[in-house]
There are 2 protein chains.
Amino acid sequence: MIAIMSDDPFDHIPATALRPFAVDAGQPLFRRDDRPTALYRVDAGRVALHRVTEDGQRVTIAQIGPGETLAEASLFADTYHCDAIALTETRGVAVDRAVLRQRLRSDPDFAEALVRRLALQVRTERQRAEIMSIRSARDRTFAALACFGQSGTITAFAASIGLSQEACSRALAELVAEGRVMRLGRGRYACRSVPPR
Amino acid sequence: MIAIMSDDPFDHIPATALRPFAVDAGQPLFRRDDRPTALYRVDAGRVALHRVTEDGQRVTIAQIGPGETLAEASLFADTYHCDAIALTETRGVAVDRAVLRQRLRSDPDFAEALVRRLALQVRTERQRAEIMSIRSARDRTFAALACFGQSGTITAFAASIGLSQEACSRALAELVAEGRVMRLGRGRYACRSVPPR
DNA sequence: AACTGGTTATGATTGCGATCATGAGCGACG
DNA sequence: CGTCGCTCATGATCGCAATCATAACCAGTT
């Protein structure tokens with residue numbers, strides 16, 4: 001199938017306006033109260049967003065991995081509202097904020113792609129939050145499997161839904177016993193649900 | 001303070017294109033596989049989004065309350081990917097999908113407002129998900145207080161971060177004892193953090 | 001084939017939060 | 001003022017998932 005118009009808003013930005021970036025583990029991408037300069041897309045590595053309270057307690061707001069963007073909301077804010085620190089060696093591309101906002105107003109295709117991307121993000125995050133609110137490990141595991149499927153390892157899957165690997169493994173075993181989930185092989189499971197879109 | 005340009009994208013839509021809706025508790029707003037016709041903003045009440053698996057298990061994907069919108073992602077999809085059922089008597093306004101998409105392409109102010117709204121949504125939901133992944137009730141409560149503050153009752157606050165009212169109350173008591181949180185009065189707490197934006 | 005490192009599975013124990021239960025604080029109303 | 005209804009606080013108990021520990025399993029390497 002041929003994509004007539006890319007889903008990735010970054011593809012609508014001229015390469016000259018894209019600035020590659022790379023930071024080592026522990027290094028900041030930006031800091032709270034800095035003036036926002038760009039929107040970042042992570043291609044490899046992982047970035048944590050921290051907010052620091054008045055008395056120095058650090059609260060992790062989010063973690064951003066490959067394919068995701070950060071600081072979307074800062075496109076319209078006067079300052080960054082949190083610190084962005086690379087958890088591992090991280091690289092990606094940045095789009096200048098002014099270029100992006102200008103583009104948003106002048107290029108309908110870009111605007112549409114950006115809105116689509118953000119809308120999907122919202123949906124995904126809402127699902128995550130809702131799944132995390134399920135108390136029972138069995139039900140939570142099932143819901144996650146039904147919504148997202150299992151892409152990587154069990155360990156990663158478990159972590160992404162806030163369960164220990166053991167609890168997740170046990171939950172999967174129970175679900176298979178109940179016939180609600182299929183075991184495709186060692187460490188590979190799927191749920192007989194309507195396929196996620 | 002005078003708002004030069006409204007933050008709410010719905011304010012950029014001519015009133016003639018807004019269609020009020022109301023549904024009773026238990027009634028559907030739309031169903032999976034329906035063709036998407038509109039974007040909905042809930043003004044009062046609560047709507048649950050469900051996905052039903054092949055063997056009839058129902059999974060709640062999200063719940064939408066006053067001020068929030070649903071089915072943003074369906075603006076670009078061929079069908080709805082889930083059922084929307086009113087949990088309580090619910091009312092709000094709907095914008096026709098074609099009108100909205102057309103507007104997105106032709107009205108930069110609207111596009112910007114929509115992107116801003118979605119970006120904020122993403123940020124908020126990411127925060128929620130991250131907070132929900134904190135295991136300790138005390139730390140989770142603190143993080144939530146630092147990020148969002150406590151708007152309504154303790155009970156509602158506790159529910160919004162996946163804790164029982166009792167666990168939350170106890171956590172708050174501990175945090176006060178540790179001096180990390182201030183008690184403003186019975187059932188009213190705040191954290192000495194940089195104020196959320 | 002033997003070795004190695006990483007992942008998955010499963011058993012045993014423990015700690016934390018849900019739940020149940022109850023009392024105290026506080027606003028609304030007649 | 002006294003009653004009612006709701007929220008908050010706190011104590012007691014119990015169940016579930018985290019944690020620790022270990023074995024089975026698998027892929028890649030030599």
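Naming convention: chains lettered A, B, ... in sequence-line order (proteins, then strands); numbering from 1 in each chain.
Residue A:Ala167 places its side chain closer to D:dA18 than to any other of D:dC8, D:dA18, C:dT8. Closest to the side chain of B:Arg183, out of D:dA18, C:dA18, D:dA9, is D:dA9. You'll find that the side chain of A:Ser164 is closest to D:dT19, out of D:dT19, C:dA18, D:dA9.
Across all strands, A:Arg188 comes closer than 4.0 Å to no nucleic acid atom at all (heavy-atom distances). In this structure, B:Phe157 reaches neither bases nor backbone, as no heavy-atom distance under 4.0 Å exists between it and the strands shown. Residue-level contact check: B:Gly162 touches the backbone only, with heavy atoms under 4.0 Å from sugar-phosphate atoms and none from bases.
In terms of heavy-atom proximity, A:Ile64 sits nearest to A:Thr69 at CG2-O, 3.9 Å.
A:Arg116 forms a cation-pi arrangement with B:Phe76, by the criterion of a distance under 6.0 Å to the ring centre and an angle within 45° of the ring axis. For the pair A:Arg41 and A:Phe10, the cation-pi criterion (under 6.0 Å, within 45° of the ring axis) is fulfilled.
Phosphate contact (OP1/OP2 of C:dT8, side-chain N/O of A:Thr155, threshold under 4.0 Å): present.
The nearest whole Å value for the distance from the CE atom in A:Met132 to the C1' atom in D:dA17 is 14 Å. Atom pair A:Leu163:CG and C:dT8:C1' shows a separation of 15 Å (rounding to whole Å applied). Here D:dA17 presents its C1' atom at 15 Å from CG of A:Leu172, a figure rounded to the nearest Å. Atom-to-atom, CD1 of B:Ile161 to P of C:dG17 comes out at 11 Å; the value is rounded to the nearest Å. The nearest whole Å value for the distance from the CD atom in B:Glu166 to the C1' atom in C:dG17 is 10 Å. Rounded to whole Å, the distance from CD on B:Gln165 to P on C:dT22 is 16 Å. In this structure, the CD atom of B:Glu174 is 13 Å from the P atom of D:dA9, given to the nearest Å. We find that CZ of B:Arg140 is positioned 12 Å from C1' of C:dA18, with the value rounded to whole Å.
Positionally, the nearest nucleotide of DNA chain C for A:Ser169 lies more toward the 5' end than for the other of B:Cys168 and A:Ser169.
A donor-acceptor pair under 3.5 Å is formed between the side chain of A:Arg135 and the backbone N or O of B:Gly162. Using a distance-only test at 3.5 Å, with no hydrogens or angles considered, no donor-acceptor pair links the side chain of A:Glu68 to the main chain of A:Gln121.
The ring-ring contact (aromatic ring centres under 6.0 Å, His included) search around B:Tyr40 returns B:Phe21, B:Phe30, not counting sequence neighbours. Remark: A:Pro28 pairs with A:Arg31, A:Ile85 by the side chain to side chain contact (heavy atoms under 4.5 Å, CB included) rule, at least two apart or across chains.
Side chain B:Arg135 to base C:dG17: no donor-acceptor pair is found below 3.5 Å. Applying the 3.5 Å distance criterion, the base of C:dT19 shares a donor-acceptor pair with the side chain of B:Arg170.
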Polar atom pairs (N or O), protein with nucleotides 23-28 of chain D, under 3.5 Å:
residue : atom : partner  : partner atom : Å
D:dC25  : O2   : A:Arg186 : NH2          : 3.4

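Under 3.5 Å, the side chains of B:Gln63 and B:Arg46 contain a donor-acceptor pair of N or O atoms.
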